[in-house]
Amino acid sequence: MRNSDLAAHPVVRRDFPVVAEALLAGASPQIRHQATTGGNLLQRTRCVYFQDVTTPCNKREPGSGCAALEGYARHNAVLGASAACVTTHPSDLAVALAAVDAQVVVLGPDGERRVPMTQLHRLPGDRPADDTVLTHGELITAVELPGDRSAPRSAYVKVRDRASYAFALVSVAACLEVADDTVAEVRIAWGGVAHRPWRATRAEAALRGTRVDELDEDAVRAAADLELEAAETDDRTAFKVPMVRNTTALVLGRLIGEVAR
Ligand SMILES: Cc1cc2nc3c(=O)[nH]c(=O)nc-3n(C[C@H](O)[C@H](O)[C@H](O)COP(=O)(O)OP(=O)(O)OC[C@H]3O[C@@H](n4cnc5c(N)ncnc54)[C@H](O)[C@@H]3O)c2cc1C
Ligand code: SF4
């Protein structure tokens with residue numbers, strides 16, 4: 001499935017707008033016509049040192065070191081990083097699929113299995129060369145999107161250095177279901193902050209059950225801060241914390257605005 005076909009599919013646009021928006025926020029039209037679901041999820045990091053073979057990189061060459069620890073850090077992680085690797089995962093689609101609780105169907109030598117999208121990518125730990133939990137010989141044959149009442153009210157916002165054709169500094173995917181003027185379900189995933197799409201489960205838990213008229217920007221920011229307590233930053237990456245907090249408030253505000261209309 002090409003990214004452009006998936007983004008234009010009427011069922012995806014109607015029932016999973018967050019997925020269509022994430023796809024359209026990625027790369028350029030020409031690249032989206034070529035890129036595929038499996039290939040996009042399994043693309044490797046855009047860390048400049050991973051690509052520059054003259055520099056140390058534990059992901060490219062295990063045990064060689066990590067040039068990003070002291071170098072260019074704009075795309076470094078602030079959650080879940082390790083001393084071995086501080087890069088982030090670049091896929092926009094992966095963040096949206098984490099927010100809709102997608103299942104990745106995998107076929108390998110031992111048969112078929114399903115991997116929750118939130119568990120497909122690894123945190124780097126001491127094995128940053130392993131991006132995912134897939135093993136040798138396994139192919140992604142499908143990605144299943146579970147239909148639920150929150151996915152149709154969903155959105156994706158990507159913050160980047162250029163208005164298009166740039167990877168995320170941070171991104172936010174969110175789904176919201178409201179029943180009886182109360183948040184029945186909310187799912188939030190962050191991109192650009194970790195080695196994998198980061199589900200903000202503490203923020204979600206804080207927001208579930210909140211009355212919609214109390215769900216203002218301050219409430220969303222406070223919920224995001226519960227998640228961001230674990231953030232580790234330095235003066236090169238500290239900007240990401242307010243950026244992800246504010247972007248989360250923007251996205252939830254947009255979805256709440258739709259409820260009010
Ligand atoms: C300049 C540029 C800018 C970009 N900007 C963005 C962006 O802003 N946001 C974004 O999300 N992406 C971006 N991309 C990524 C792009 O959208 C592609 O997804 C990416 O380049 C991978 O290409 P592909 O999808 O053709 O996969 P391929 O290159 O075909 O595959 C990538 C890897 O996955 C493996 N693979 C492919 N399919 C499967 C499968 N089904 N099962 C198992 N393994 C598989 C391949 O063997 C390969 O190792 C950008 C890419 C470029 C070059
Ligand atoms: S952050 Fe990761 S990918 Fe980048 S140089 Fe360090 S080990 Fe390599």
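Remember, it's 1-based here, ligands and their atoms both numbered in the order they're listed.
Protein heavy atom at the shortest distance from atom 4 (Fe) of ligand 2 is C47 SG, 2.3 Å. For atom 27 (O) of ligand 1, the closest heavy atom belonging to the protein is G39 CA, 3.1 Å. Summary of contacts: the protein heavy atom closest to atom 18 (C) of ligand 1 is A35 CB, 3.6 Å. What sits closest to atom 6 (Fe) of ligand 2 on the protein, heavy atoms only, is C66 SG, 2.3 Å. At the top of the distance list for atom 5 (S) of ligand 2, counting protein heavy atoms only, stands Y49 CB, 3.5 Å. When only non-hydrogen protein atoms are considered, atom 17 (O) of ligand 1 lies nearest to N40 ND2, 3.2 Å.
When distances from atom 37 (C) of ligand 1 to the protein are checked, a heavy atom turns up under 4.0 Å. For atom 49 (O) of ligand 1, no protein heavy-atom neighbour is present inside the 4.0 Å cut-off. Protein non-hydrogen atoms do not reach within 4.0 Å of atom 29 (O) of ligand 1. The protein reaches atom 44 (N) of ligand 1 closely, with a heavy atom under 4.0 angstrom from it. Counting only heavy atoms, the protein gets under 4.0 Å from atom 4 (C) of ligand 1.
Contacts between K158 and ligand 1 below 4.0 angstrom, taking non-hydrogen atoms only, involve the side chain exclusively. Contacts between I31 and ligand 1 below 4.0 angstrom, taking non-hydrogen atoms only, involve the side chain exclusively. Counting heavy atoms closer than 4.0 Å to ligand 1, residue A168 contributes nothing at all.
Residue C57: an N/O/S atom is found under 2.8 Å from atom 8 (Fe) of ligand 2. For C85, every N, O or S atom stays at 2.8 Å or more from atom 4 (Fe) of ligand 2.
Of all atoms in ligand 1, listed by their number and element, those nearer than 4.0 Å to a heavy atom of Y165 are 1 (C), 3 (C). Near L42, meaning under 4.0 Å from any of its heavy atoms, are these atoms of ligand 1: 34 (O), 43 (C), 44 (N), 45 (C). Under a 4.0 Å criterion applied to the non-hydrogen atoms of L139, ligand 1 contributes the atoms 42 (N), 43 (C). Close contacts of ligand 1 with S91, meaning ligand atoms under 4.0 Å from a residue heavy atom, involve 11 (O).
Proximity of the aromatic rings of H121 and H89 is defined here by a centroid distance below 6.0 angstrom, and this criterion is met.
The shortest N or O to N or O distance between A27 and ligand 1 is under 3.5 Å. Of the polar atoms of G26, none of the N or O atoms is found under 3.5 Å from an N or O of ligand 1, judged by distance alone. Between Q43 and ligand 1, at least one pair of N/O atoms sits closer than 3.5 Å. At a 3.5 angstrom cut-off on N or O pairs, T36 counts as close to ligand 1.
One option in V105, D92, V95, V104 has a heavy atom closer to atom 9 (N) of ligand 1 than any other, and that option is D92. Considering each of V106, T132, I140, the one bringing a non-hydrogen atom nearest atom 41 (N) of ligand 1 is I140.
At least one test fails for R236 against the ring of Y72: distance under 6.0 Å to the centre or angle within 45° of the axis.
Residue A166 places a heavy atom under 4.0 Å from ligand 1.
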